[in-house]
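Just so it is clear, the values below take in all heavy atoms, side chains as well, and ignore hydrogens, waters and symmetry mates. Note that the structure is predicted; figures quoted are calculated from it, not measured.
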Amino acid sequence: MTEIQETFIFDFDSTFIKVEALDVLCEVIYEDSTAGIQILNEIQRLTNLGMEGKLSLKESLTKRISLLQANRDHLGTTIDVLKKKVTASVIRNRAFFKQHADHVYIISNGFKEIIIPIVQEYGIKPEHVLANTFKFDHDGKIIGFDEKDELCENQGKVKKIKSLNLKGEAIMIGDGYTDYETLEGGAVSKFFAFTENVSRKIVVDKADRIAPSLDEILYDLSYKASVSYPKNRIKVLLLENINQEVAQTFEHEGYTVEIVENELTEDELCERIKGVSILGIQSKTKVTQKVLDHAKKLHSIGTFGIGSNQVDLEACTMQGVSVFNAPYSNTRSVVELAIGEIIMLVRNTFQKNKMMHSGIWDKSATNGNEIRGKKLGIIGYGSIGSQLSVVAEALGMNVYFYDTVDKLALGNAKKCSSLKELLSLSDVVSLHIDETESNKNLINAEAFEYMKPGVVFLNLSSGNVVEIEALTANLKNGNISGAAIDVFPNEPTNSQEKFISELRGLPNVILTPHIAGNTQEAEQDICHFVARKIIQYINTGSTYGSINLPEIQLPELQSAHRIMHIHENVKGILAQINTILSEYDNNILGQYLKTNETLGYVITDIDNFHNKELEKKLKKIPNTIRYRILY
């Protein structure tokens with residue numbers, strides 16, 4: 001362990017916590033009242049003037065306290081709120097503060113009464129909190145502050161730090177101009193402009209060290225952080241208008257996120273993926289071997305949906321890139337849309353709707369039927385097909401299914417021995433299969449010939465599995481009485497591009513823009529599931545839920561260092577890893593190995609701090625694909 005030689009001095013407002021404490025105090029006092037909003041705006045203006053050095057600190061504090069009209073009773077609630085507003089990278093590195101408590105100070109132009117209860121939970125000593133103190137009257141009203149304390153004066157932080165007579169290097173971390181002044185005034189030897197919560201141009205322009213997180217500072221100074229690599233250096237690229245919650249989840253973790261609303265071509269992705277650690281896509285962007293050849297820093301891919309055919313899984317595997325998807329998250333959404341469309345099509349609802357909009361009142365039951373007793377043929381009996389089977393049967397349909405893989409029938413569903421058999425007996429045909437080369441144009445002109453006259457046809461699976469020309473012809477000649485199509489061989493890349501299809505304008509045809517799985521509930525489930533799986537992999541090495549890497553599920557271990565090693569599945573790798581660790585006097589606290597036919601995946605927890613020579617040896621083990629220190 002590195003023996004500490006420096007003293008760390010942290011600003012409190014917008015550094016140790018995400019916000020300004022007096023702003024929160026104002027919100028506690030006035031809640032959302034109009035007067036409170038006006039007072040808060042003025043307080044924020046005065047705060048910024050003080051932080052930028054444009055107003056004396058004493059004047060700024062005096063005016064803000066006068067505006068607040070606060071009481072001692074307000075402080076408890078304010079502290080409770082602020083405890084939930086501690087900066088993310090500070091929370092991640094709680095162990096650092098407790099381990100180095102003798103060498104950590106908080107300095108602030110704020111107030112001890114608020115600061116101490118918050119920072120104490122991180123092991124920071126009350127006597128190491130350098131801040132102003134409130135003055136109260138006999139009723140507990142805050143009427144001012146100790147104006148004799150140098151911290152309420154200009155250059156107050158400089159004077160206060162110098163009065164400590166610290167030995168060794170002093171390092172200041174803060175977001176404001178008064179924090180930068182500690183370097184300019186010679187009170188500290190290093191200053192980091194802390195930008196995780198707020199970036200002040202006047203400070204950033206002057207600072208020679210800019211820190212987007214505490215992880216970055218500890219990494220720069222070679223201290224053990226919560227992670228071996230600063231999280232802000234982990235770059236995430238999200239394509240195809242992935243839900244904003246995904247970006248927020250990654251940003252909250254401390255990662256740097258770039259968002260692209262549309263899909264990228266192979267060449268565009270080759271250029272954009274350089275330096276990317278995590279790639280998030282939906283269904284259209286293809287991740288090929290060529291793309292992976294340009295992705296030297298890529299650790300993980302998230303396909304934010306149920307499929308993964310758009311990713312070259314074999315190539316990802318051989319480069320140690322873990323791929324995650326959400327195979328069950330939008331199942332219910334697809335099933336509900338399928339059921340709704342079946343009912344609408346069998347009932348001839350859309351023709352009646354069109355006539356009504358034209359002023360025609362037609363109450364006849366012609367072409368309007370119940371779905372009860374109808375035969376539903378499901379092609380593909382995976383998670384969606386099987387759940388559709390259960391729901392449809394509950395509504396009184398007789399369910400048949402066909403799948404190339406032997407699947408257990410649910411309820412009273414009956415398995416067909418061939419696709420031809422299923423097509424020939426079904427009143428309604430619904431597709432739920434993957435877009436593979438063998439499935440391309442599976443439903444073609446010949447397949448339509450096997451179907452009953454007047455069949456209802458649904459494709460909510462993949463665009464290339466249906467021959468659109470044959471479908472159009474059978475809709476026009478009446479062999480298919482109605483259809484619902486959600487996916488197409490050629491789809492617009494964004495909302496500005498026009499949708500072109502032969503199916504447009506045909507009667508009793510429901511066209512939807514690839515939204516079968518797009519409900520708010522499904523999006524939230526997918527976002528949460530895939531993003532958390534990737535974060536767990538990056539942070540702890542857990543591969544549970546990975547499509548392509550051997551699955552290991554394990555917790556984060558405190559007071560240890562974790563290394564991961566991905567290698568080709570050959571004999572003797574584990575023995576070589578352990579021999580190297582033994583050479584460097586490492587005690588193995590835990591070790592986990594899982595293999596598949598291609599790879600071996602080893603997680604090892606050790607007690608000693610790693611060193612560069614050990615890393616080099618682990619990387620040079622023959623058949624190594626990837627090596628990484630997790631923390």
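- Glu20 and Ser14 are linked by a side-chain donor-acceptor pair at a separation below 3.5 angstrom, with hydrogens and angles left out of the test.
- The number of heavy atoms from other shown groups lying within 6.0 Å of CD (Glu261) does not exceed 12.
- Residues Arg272 and Glu258 are paired through a salt bridge, judged by an N-O separation under 4.0 Å between the basic side chain and the carboxylate.
- A salt bridge does not link Asp312 with Lys286: none of the charged nitrogens is closer than 4.0 Å to a carboxylate oxygen.
- Scanning both residues, Ala531 and Phe304, for their nearest heavy atoms gives N-CE2, 4.0 Å.
- Checking side-chain atoms of Thr303 against main-chain N and O of Ile281 turns up no donor-acceptor pair under 3.5 Å.
- Here the two rings, on Phe499 and Phe488, have centers that are under 6.0 Å apart.
- Below 30°, between 30° and 60°, or above 60°: for Phe16 and Tyr122 the angle between ring planes is above 60°, a perpendicular geometry.
- With hydrogens and angles left out, the side-chain atoms of Ser89 and Glu196 include a donor and acceptor closer than 3.5 Å.
- Ion pair Arg233/Glu216 flagged as a salt bridge, since at least one NZ, NE, NH1 or NH2 atom sits closer than 4.0 Å to an Asp/Glu carboxylate oxygen.
- No salt bridge links Lys594 with Glu551; every basic N to acidic carboxylate O contact stays at or beyond 4.0 Å.
- Separation of atoms OG (Ser542) and CD (Gln553) is listed at 5.0 Å; rounding is to 0.5 Å.
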Practice task
Apply salt bridge (charged side-chain N to carboxylate O under 4.0 Å, His left out) to Asp605 and Arg562, showing your working.
Solution key: CA-CA 4 Å; Asp605 294 326; Arg562 177 168 290 174; 2.7 Å; yes
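- Side-chain N/O atoms of Asp175 and Thr15 include a donor and acceptor closer than 3.5 Å.
- In this structure, a donor-acceptor pair under 3.5 Å is present between the side chains of Thr436 and Asn439.
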Verdict with reasoning, Arg626 to Met564, per side chain to side chain contact (heavy atoms under 4.5 Å, CB included)
CA-CA 8 Å; Arg626 172 161 291 186; Met564 60 166 262; 4.0 Å; yes
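- Around atom OH of Tyr328, no more than 12 heavy atoms belonging to other residues, nucleotides or ligands sit under 6.0 Å away.
- Side-chain atoms of Ser33 come within 3.5 Å of backbone N or O of Gly36 as a donor-acceptor pair.
- No donor-acceptor pair under 3.5 Å is formed between the side chain of Ser462 and the backbone N or O of Val465.
- With no hydrogens or angles considered, no side-chain donor-acceptor pair links Glu435 and Asn309 at under 3.5 Å.
- Between the side chains of Thr512 and His514, no donor-acceptor pair is found at a separation under 3.5 Å.
- Under the 3.5 Å distance criterion, the side-chain polar atoms of Ser322 are left unmatched by any main-chain donor or acceptor of Tyr537.
- Other residues, nucleotides and ligands contribute more than 12 heavy atoms inside 6.0 Å of the NE2 atom of His74.
- In plain terms, the two heavy atoms of Thr78 and Ala21 that are nearest each other are CG2-O, 4.2 Å.
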- request: List the steps, then state whether salt bridge (charged side-chain N to carboxylate O under 4.0 Å, His left out) holds for Arg45 with Glu42.
  value: CA-CA 5 Å; Arg45 187 184 74 84; Glu42 179 62 13; 2.8 Å; yes
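- At least one test fails for Arg628 against the ring of Tyr601: distance under 6.0 Å to the centre or angle within 45° of the axis.
- Under the 3.5 Å distance criterion, with hydrogens and angles disregarded, a donor-acceptor pair is assigned to the side chains of Asn548 and Thr317.
- Side-chain contact annotation: Glu240 with Thr285, donor-acceptor N/O pair under 3.5 Å present.
- One side chain, Glu253 or Asn539, offers a donor N or O that lies under 3.5 Å from an acceptor on the other.
- In Lys284, the NZ atom is crowded: over 12 heavy atoms of neighbouring residues, nucleotides or ligands sit closer than 6.0 Å.
- Using a 30° and 60° split on the angle between ring planes, Tyr180 and Tyr177 fall in the tilted class, from 30° to 60°.
- Side-chain N/O atoms of Ser461 and Asn459 include a donor and acceptor closer than 3.5 Å.
- No close placement of the Phe194 and Phe10 rings is indicated, their centers lying 6.0 Å or farther apart.
- Proximity of a side-chain donor or acceptor of Ser199 to a complementary backbone N or O of Thr195 within less than 3.5 Å is not detected.
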